[in-house]
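Working notes, structure below.
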Protein chains: 2
Amino acid sequence: MPTIEDVARLAKVSTSTVSYALSGKRPISAATRRRIEQAVAELGYRPHAGARALASARSEVIGLIVPLRSGIDVPVIMQFAGGVVTRAREHAHNVLLLTQDDLVGLERATDGSMVDALVVMDVEADDARIPILTRSRQPSVLIGLPQNSSGLTCVDLDFEAAGRTAAAELAALGHREVALLGAPPEVFERHTSYADRVMRGFRDAAADHGLVAHLVPCPATPAGAYGVVDALLADSPGVSGLFVHNERALPHVLSRLREHGRTVPDDVAVIALCPEDVALAQQVPMTAIDLPAATLGGLAVDMVMARLAGEQTVETRLLAPVLTTRESTARR
Amino acid sequence: MPTIEDVARLAKVSTSTVSYALSGKRPISAATRRRIEQAVAELGYRPHAGARALASARSEVIGLIVPLRSGIDVPVIMQFAGGVVTRAREHAHNVLLLTQDDLVGLERATDGSMVDALVVMDVEADDARIPILTRSRQPSVLIGLPQNSSGLTCVDLDFEAAGRTAAAELAALGHREVALLGAPPEVFERHTSYADRVMRGFRDAAADHGLVAHLVPCPATPAGAYGVVDALLADSPGVSGLFVHNERALPHVLSRLREHGRTVPDDVAVIALCPEDVALAQQVPMTAIDLPAATLGGLAVDMVMARLAGEQTVETRLLAPVLTTRESTARR
DNA sequence: ATATCTATTCGAAGCGCTTCGACGCTCGCC
DNA sequence: GGCGAGCGTCGAAGCGCTTCGAATAGATAT
C-alpha cells in the first residue's frame with residue numbers, strides 16, 4: 001500500500017503539503033494541488049485509517065448501538081440503521097455496529113477511541129448504557145426517550161402526540177368507543193418508553209373527547225393478535241375505531257377482523273402507527289401515522305455531527321406526527 | 001485517557017512489558033503480570049485502537065456488507081447480522097457496517113486498513129463487489145453463492161438440496177401435483193442465486209419423483225401473495241402440496257388458503273423454507289426446512305477468522321438442509 | 001568462584017499521519 | 001530600494017502502540 005510519503009515523493013512536495021492538500025486545512029496553490037491529486041490517483045493512495053486516528057484523535061467512525069432481540073419490529077430497526085448509515089456516509093463517516101447488551105464492547109469502543117460519537121437505538125426507560133455514555137468523552141444521541149433525559153440529546157417521534165392525534169381523529173370521525181392495540185407485552189415490560197407514551201396520549205385525548213377507550217398490548221404473532229381481536233370483539237362489541245401501534249400484528253389484526261365478518265373501514269375504522277411502506281402493503285391501504293424511521297436515524301446522525309463540530313444543540317427533539325388518511329377509516 | 005506509558009509507570013515496568021503482558025505474546029512472570037493488571041484496572045486503561053492498528057497492522061475489525069434494499073427478508077438479514085456480530089465479539093473483533101451499494105466506502109475500508117476481513121451478505125450472481133474483494137488484501141467470505149465462486153470463500157445453506165428435500169418429502173407424503181411459491185420477482189431479477197437454486201432443486205426432484213410441479217415467484221405483499229394463491233387454485237386445482245420459500249408471504253398464503261376454504265394440512269400440505277421462529281409463529285406450526293441465518297453468519301466469521309490466522313480453508317461450504325415435520329403436512 | 005544458561009524485562013525503532021511553528025518567496029507600498 | 005505582509009510550503013515532533021534484538025539477573029553447572 002502506498003503511503004503519504006510515496007505520494008509526496010511523486011508529487012515532489014513534503015508530506016505535510018500532501019496532508020494539507022487533502023484535508024484542505026491550509027491553502028495550497030492550484031498547481032501543487034493538481035500534482036498531488038494526480039499522484040494520489042496514480043498510486044491509488046488511501047490514507048491509513050489507524051494512522052489518521054492516532055495523529056488526529058478522530059476516527060471518523062460513529063458507533064451505532066442496535067437492539068438484536070425479541071419483541072421489536074426488526075424491519076423498523078433496519079430502517080433506522082439504514083438512515084444512520086446513509087447519513088453517516090454523507091458526513092464521510094463509517095459506522096461501527098455495537099449491540100445492545102454488549103456493555104464491554106461499548107466501553108472498548110469509546111475508551112479505545114474507536115468511535116467519535118454514538119447513536120443509540122431503542123432506549124429504555126432506565127437504560128444501562130446511559131451511565132457509560134455520560135462518562136465517555138464522545139457525544140451521543142439517543143433515538144428514543146429514557147426516563148430522565150436531562151443532559152442527554154434525544155430524538156424521537158412524538159409518540160404521545162401520535163396517540164393524541166389518533167384518538168382525536170377517531171373522535172372526529174364520529175366513533176364513540178375505541179381501542180388501542182399497542183406494542184407487544186414484552187416491550188411494555190421493558191419500559192421502552194414509546195409504548196407507554198402512545199398509550200398515555202391516546203388515553204388522555206380519548207378522555208378529552210369523551211370516548212370510551214380500551215388499551216391493550218398486542219403480541220406480534222398471528223395467534224396472539226387473533227386472541228386480542230377475539231377478546232376485544234367479544235367483550236366490547238361497541239368498539240368501532242381501532243388504533244394499531246404494532247407493525248407486525250397489523251396484518252393479523254386485519255385478517256381476523258375480516259374473518260369475524262367486520263369490514264374495514266365500514267364496520268371498524270383502523271388507524272395504524274407504522275412506517276409508510278407497511279401502511280401501504282396491507283390489504284387495505286391504511287390511514288396511518290408515519291413512523292419515519294430512516295428520517296429519525298439520519299437526524300440522529302446530523303445532531304451528533306453537529307455536536308462533534310462543537311455546536312450547541314437542543315437537548316431533545318421530537319418530530320410531530322403526521323397522519324395520512326387512506327382507505328381504512330371512514331366517517332360513522 | 002491513560003496511555004500504556006501511564007500503566008508502565010504505575011506498575012514500574014517498561015511499556016513493552018505491559019504490551020507483552022496484555023497480549024500474551026511473550027512470557028511474563030506472574031508477579032509482574034499481577035502488578036500490571038492492577039495498574040490497568042486502577043487507571044481504567046484501554047489501548048487506543050488506532051495506535052494499535054498502526055503498530056500492528058491489525059484493526060481487529062471485520063467489515064460486514066449488508067443489503068439495505070427491497071425484496072429481501074429483513075428479519076433474516078438481521079439474524080445474519082446478529083450471528084456475525086455475536087461471533088465476531090467472541091473472536092474479540094468489532095464489526096464495521098457497510099452497505100451493499102457503497103463501493104467507495106468498501107474501498108476506503110479495505111485500502112485504508114479499517115478492516116482486517118470482510119463478510120459479504122446477499123451475494124448476487126454477478127456481484128459488483130467481488131472484483132474489489134479479490135483485489136483487496138483482506139480475506140473475505142461471502143454468504144451466498146455468486147455465479148463463479150472459484151477463488152472465493154463462500155458459505156450458504158444448500159438451497160438446491162433444500163428444494164430437492166421438499167419435493168421428495170411431498171412425494172413421499174403421496175402428493176402428485178405440487179407448487180413452489182418462491183422468492184419475490186425482484187429477487188429473481190437480481191439473480192440472487194438462492195432463489196434459482198431452490199427452484200432448480202425442487203424442479204429436478206419433482207421430475208425424478210414423477211410429480212407435476214408449478215414454479216411461481218411470489219410477491220411479499222398480502223395482495224401479491226393472494227393473487228398468486230388465487231391464480232394457482234384456479235389454474236391448477238389438483239395441487240395438494242405447497243413449498244413456500246418466502247418468509248414474508250407465508251402468513252398471507254396461509255390466510256388465503258383458509259379464505260378459500262382449504263385447510264392445512266388436510267386439503268393442502270405446506271412446507272416452508274424459513275427461520276425456525278417464523279415457522280413456529282404461523283397459525284399452524286409449519287413443517288419447514290430451517291434457514292439457519294444466525295448460524296451461517298457465525299460460521300462466516302469463523303471461516304474468515306481462520307483465514308486471518310493463515311489456515312487454508314475449503315472454498316465453499318454448503319450446509320445440509322434439515323427438515324422438521326410439524327403440523328402443516330400430512331399423508332394423502 | 002567463574003562460566004553458561006534460561007527466564008524476564010528493557011530500550012529503541014518504527015507504524016503513517018497530522019499539525020505547529022518557521023521559512024522563503026512574491027507583492028504592494030512608502 | 002527597502003520594508004512588512006501574506007501566501008504557500010517545509011521540517012520535525014509527536015500521537016500510543018507493537019516488536020525486535022539485546023541486556024539483566026538469578027540459577028545451574030563446572
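Each chain gets a letter, A, B and so on, in the order its sequence line appears, and its residues count up from 1. Only a predicted model underlies this, so the values are computations on that prediction, with no experimental measurement involved.
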| field | Distance, rounded to the nearest Å, where A:Arg35 contributes CZ and D:dC10 contributes C1' | value | 13 Å
| message | Could you tell me if B:His91 and B:Asp302 have a donor-acceptor pair between their side chains, going purely by distance under 3.5 Å? | response | yes
| Between B:Arg89 and B:Asn94, do the side chains contain an N or O donor and an N or O acceptor separated by less than 3.5 Å? | no
| remark: Winner on side-chain proximity to B:His48, out of C:dC10, C:dG16, D:dC17, is D:dC17
| query | To the nearest Å, how far apart are B:Glu60 CD and D:dC17 P? | reply | 13 Å
| task | Measure distances between side-chain N and O atoms of B:Ser16 and base N and O atoms of C:dG11, and say whether any donor-acceptor pair falls under 3.5 Å. | result | yes
| field | Separation of atom CZ in B:Arg58 from atom P in D:dT19, rounded to whole Å | value | 10 Å
| task | Hey, which sits more toward the 5' end of DNA chain C by its nearest nucleotide, B:Thr15 or A:Arg52? | result | B:Thr15
| task | Pull out every residue in residues 20-32 of chain B that has a heavy atom closer than 4.0 Å to any atom of DNA chain D, ordered by number, or say none. | result | B:Tyr20, B:Lys25, B:Arg26
| task | Consider the side chain of A:Ser56, meaning its heavy atoms from C-beta on, and name the nucleotide among D:dC17, C:dT18, C:dC15 that approaches it most closely. | result | C:dT18
| remark: d(A:Leu319 CG, A:Thr295 OG1) to nearest 0.5 Å is 7.5 Å
| Under-4.0 Å side-chain N/O to phosphate OP1/OP2 contact, B:Thr17 with C:dC10 | yes
| Spacing of B:Lys12 atom NZ relative to D:dT24 atom P, expressed in whole Å | 21 Å
| request: Calculate the interatomic distance between A:Arg33 atom CZ and D:dT9 atom C1'; express it in whole Å. | output: 13 Å
| query | Does a side-chain N-to-carboxylate-O contact under 4.0 Å join A:Arg135 and A:Glu107? | reply | yes
| query | Hey, are A:Ser113 and A:Arg137 close enough side-chain-wise for a donor-acceptor pair under 3.5 Å? | reply | yes
| task | Using a strict cut-off of less than 4.0 Å between a Lys/Arg side-chain nitrogen and an Asp/Glu carboxylate oxygen, indicate whether B:Glu90 and B:Arg87 qualify as a salt bridge. | result | yes
| remark: Here the gap from B:Phe80 atom CZ to B:Leu296 atom CG, rounded to the nearest 0.5 Å, amounts to 5.0 Å
| Between OH of A:Tyr45 and CG of A:Leu22, what distance do you get to the nearest 0.5 Å? | 6.5 Å
| request: Can you sort out which residues in residues 2-9 of chain B have a heavy atom within less than 4.0 Å of DNA chain D? Ascending by number, please. | output: B:Thr3, B:Ile4
| request: Round to a whole Å and report the spacing from CD1 of A:Ile36 to C1' of D:dG8. | output: 11 Å
| request: Taking atom types as modelled, find out whether B:Ser16 and B:Ser19 have a side-chain donor-acceptor pair closer than 3.5 angstrom. | output: no
